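Worksheet: the structure to be examined is printed underneath.
Every value quoted in this text rests on a predicted model; they were computed, and no experiment measured them.
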Amino acid sequence: MIFQLDVQRIVSQALQTFKRFPLVMISAILATVLSIIFIDSFLTNNESSKSAIDLARWISTCYLGLPLLLAFALFCEKNELSPTQALIMQGGAIVILLGTRFLVLENPNLYTAVPQFMALTIFAHLAVAFAPYLGQKGEENGFWYYNQFLFFRFCLSVLYSMVLYSGIAIAIGAVQVLFSANIGYLIYLKILVIVNTLFNTWFFLSGVPDDFKILNEYTEYPQQLKVFTQFVLMPLVTLYLVILYAYEVKLAIEWHLPRGIASFLVLAFSIAGIFSLLLIHPIREKSGNQWIKIYAKFFFIALLPLLALLFISIGLRVSQYGITENRYVILMLAFWLLGTSIYGLITKNKSIKSIPISLAVVLLFAGFMPFLNAFDVSHWQQNRILEQLLVKNDIYKNGILTPKKTKDYNEIVSVLDYLHERGKIKEVEKYLGNKKNELLVFEIDEQKNPNKKAEMRAEVQKLSYERFQKLKESFAINGEDTKTSENIDYYSQIVRYNVPDYNNYLPLGNGYKYFFMGNISSPIEYDDKGKIKRHEEADSFVDLPNNQFKMKIQPLTYQTQIKFTIKGKGEDKKTFQVDFNMMDLVNKIHQKYGDNKENKDISPEDVLMDFENQEKTFGGRIILRNLSIVPVKNTENLRLESFNYYVLLK
């Protein structure tokens, strides 16, 4: 009977939560169902990539709907809107979600789509924190306790979800072991989705405060929170402060400019400090807590010189390399911190609501403000830098583009790479003038010929690479002033080999099950004079339905070993490995084709490698598309710099 009553209470509470937040729960259910469909369709059957991407966009939209719809629902509830008004508000939230799906997530440029979606996601979570109190004067106490209950409920939800998932996963594992059941590993992923999305959301929502009047009169402050803030968080913030001030003194003595990492350290210190002040806000006026006011004032005063360090650090990078999306965001956060500090110093009756609200406004501004968002400003700035470099080196003059050797070659190529990656390469057409035919656009619809998707992807990759390389050569000739440094001399020695017509050597089908492509660049670190100081190993891998393929470079002085590894999954967990001495291939190509610094075409047969393991249980073919090598100065050694490859596996 007791068990029956408990079940009834749980069901009743669950239904009450659904009735209170119906759209949020529908979004959670949709996210769960679509995620399971995604797992079944694309992780098991390996269906078309376009369908997978479309489904992933809908899943992302549903997950964004969880905090966004909750924020709108809480706003309606706190302001006691009529059912009609609440329906209009919730409809507005759905319009935002659909706009995100078809305007933001549909953008093929991931350098814009992903940051914009992340900005909306963070904004939505911040909105949950302030939505009920938006436009409300006062109620600082209620605002703080409302967020405290949300935070504690979130931590409890995570804990319960972890325990529940662990228990279910162990139970399934026990069934597999004890009864030799062939359940499959995907069941664990599905259970994880159900627990972390559906159960976690439902449990969290059931604990969201619903009596906002009581919250404003609440006075019970958690003593554990005060102890944590006073004896753990604040000492850590003070330690950060000491380290950063010691660094500033070091810079002043040595008269050096700050390193780039200083920006992130100042941001981390500032956010931790503000968070610690928010945690102890309700008890600042209580007897015996005068130290809180002193600490708060000291914190904001101490923050100002560090913000100066932050502005100098990011300003230096902007002056050298221009504005990019990351630098734009850091600049915006720096201005936000400066405004928050000034507000904390000059305002007597401070409102803690201003912190999440102002941060949310900054995020929306950086992500979506027309012409002034991070993406438009960065693209404009990089175009301006490109024009300055071209004019400075007399490459672009009187509307005519004349490629020349220049010590700014790497900077020019860096800007072109930046614009190319973000789908903005057509913006440089205005500079081409007499060479406009160099810029070609190649698009292809794979759906028109689904039986030849692999060949078409290969052709797109080939054409886009070759045409972009040709575009770079239209702006500046690879080669620099060799008298400036040994590092420049090193780069001027790079020899690049291209492999035309390699598609004829890709026997798609014919017993081959998998086809993919990749590239590897060996990470090399140089000293101040451009000499090689450290050469780390590099690798590249791809997950297959039943195996994982891994290509690994292990540099041994100037002898580069390549290992191809297949690691089995499921019942077959054997690992098979095939080794090559890549430098044998490099030396053969260098001897046959020479070291002329211009790009050279070589025969595909020279870079074709068929392989299989000793047991002959798997095999495949690897063919290089291009490779770059470096004759090391004053030696007979060669160094493999990078290469692009195609792989077919049986």
Item checked: Closest non-hydrogen atom pair between Leu303 and Ser270, with its separation -> CD1-OG, 3.1 Å
Margin query: So that I know where these two stand, are Tyr328 and Phe365 an aromatic pair - ring centroids less than 6.0 Å apart?
Written below: no
Item checked: Asp408 CG to Leu386 CG distance, which is reported to the nearest 0.5 Å -> 11.0 Å
Next item on the list: Look at the side chain of Ser27 and the backbone N and O of Cys62, then say whether any donor-acceptor pair between them is shorter than 3.5 Å.
Entry: yes
Item checked: Glu248/Leu306 under side-chain contact (heavy atoms from CB on, under 4.5 Å): CA gap, chis, key distance, verdict -> CA-CA 8 Å; Glu248 279 199 314; Leu306 296 180; 3.9 Å; yes
Notebook entry, point to check: Just by distance, do the side chain of Arg327 and the backbone of Gly322 share a donor-acceptor pair under 3.5 Å?
Noted result: yes
Next item on the list: Report the distance from atom CD1 of Ile314 to atom CG of Asn326, rounding to the nearest 0.5 Å.
Entry: 8.5 Å
Item checked: Set of residues satisfying side-chain hydrogen bond (donor to acceptor under 3.5 Å, both in side chains) with respect to Asn373, sequence neighbours excluded -> Asp376
Note to self: Minimum heavy-atom separation for Tyr63 and Ser35, please, with both atom names.
What the structure shows: OH-OG, 3.7 Å
Notebook entry, point to check: Above 12 or not: heavy atoms from other molecules or residues under 6.0 Å from CZ of Phe368?
Noted result: yes
Check: With no hydrogens and no angle check, is any side-chain donor or acceptor of Ser341 less than 3.5 Å from a backbone partner on Leu304?
Finding: no
Check: What orientation do Tyr396 and Tyr431 show, parallel under 30°, tilted 30 to 60°, or perpendicular over 60°?
Finding: perpendicular
Note to self: Ring-plane angle category for Trp58 and Phe102, please: parallel below 30°, perpendicular beyond 60°, tilted otherwise.
What the structure shows: perpendicular
Notebook entry, point to check: Taking the side chain as C-beta and beyond, is there a heavy-atom pair between Ser378 and Tyr111 under 4.5 Å?
Noted result: no
Note to self: Between Phe311 and Phe335, is the ring centroid distance below 6.0 Å?
What the structure shows: yes
Margin query: Does anything in residues 298-312 form a side-chain hydrogen bond (donor to acceptor under 3.5 Å, both in side chains)? List the pairs, not counting sequence neighbours.
Written below: none
Check: Where do Ile355 and Leu278 come nearest, in terms of heavy atoms and distance?
Finding: CD1-CD2, 3.7 Å
Notebook entry, point to check: Less than 4.5 Å apart, any side-chain heavy atom of Thr402 and any of Asp394?
Noted result: no
Notebook entry, point to check: What distance separates Thr340 OG1 from Leu359 CG, expressed to the nearest 0.5 Å?
Noted result: 8.0 Å
Next item on the list: Could you tell me whether a side-chain N or O of Ser60 sits under 3.5 Å from a main-chain N or O of Ala56, the two making a donor and an acceptor?
Entry: yes
Next item on the list: Would you indicate whether the side-chain heavy atoms of Leu64 and Ile96 approach each other to under 4.5 Å?
Entry: no
Note to self: A quick test of your reading: do over 12 heavy atoms of other residues, nucleotides or ligands sit less than 6.0 Å from OH of Tyr245?
What the structure shows: yes
Note to self: Any non-hydrogen side-chain atom of Tyr247 less than 4.5 Å from a side-chain atom of Leu309?
What the structure shows: yes
Check: Is the side chain of Lys353 donor-acceptor paired with the backbone N or O of Gln136 at a distance under 3.5 Å, no angle test?
Finding: yes
Next item on the list: Report yes or no: does Ser313 contribute a side-chain atom to a donor-acceptor pair with the main-chain N or O of Leu310 at less than 3.5 Å?
Entry: no
Note to self: Quick one, Leu345 with Lys297, criterion side-chain contact (heavy atoms from CB on, under 4.5 Å). Give me CA distance, side-chain angles, the key distance, then yes/no.
What the structure shows: CA-CA 6 Å; Leu345 287 172; Lys297 198 164 189 89; 4.2 Å; yes
Margin query: Any heavy-atom pair between the side chains of Ile602 and Leu627 that's under 4.5 Å?
Written below: yes
Next item on the list: For residues Gly367 and Gln116, report the shortest heavy-atom separation together with the two atoms involved.
Entry: O-NE2, 2.9 Å
Item checked: side-chain hydrogen bond (donor to acceptor under 3.5 Å, both in side chains) pairs, two or more places apart, involving residues 358-368 -> Trp336-Ser358
Notebook entry, point to check: Do Ser276 side-chain atoms and Gly273 backbone N/O form a donor-acceptor pair below 3.5 Å?
Noted result: yes
Margin query: Minimum heavy-atom separation for Phe299 and Phe269, please, with both atom names.
Written below: CE1-CZ, 3.7 Å
Item checked: Nearest atoms (heavy-atom pairs only) where Gln382 meets Ile323 -> NE2-O, 3.2 Å
Next item on the list: Verify, without hydrogens or angle tests, whether Asn393 (side chain) and Ile395 (backbone) share a donor-acceptor contact under 3.5 angstrom.
Entry: no
Checklist line | Under 3.5 Å: donor-acceptor pair, side chain of Arg101, backbone of Thr61 | finding: no
Notebook entry, point to check: Within a strict 4.5 Å, meaning less than it, do heavy atoms of the His379 and Tyr418 side chains meet?
Noted result: yes
Note to self: Just so I know, are the side chains of Thr100 and Leu68 near enough to count as touching, which here means a heavy-atom distance under 4.5 Å?
What the structure shows: no
Check: Would you call Gln90 and Leu69 a side-chain contact if the rule is heavy atoms closer than 4.5 Å?
Finding: yes
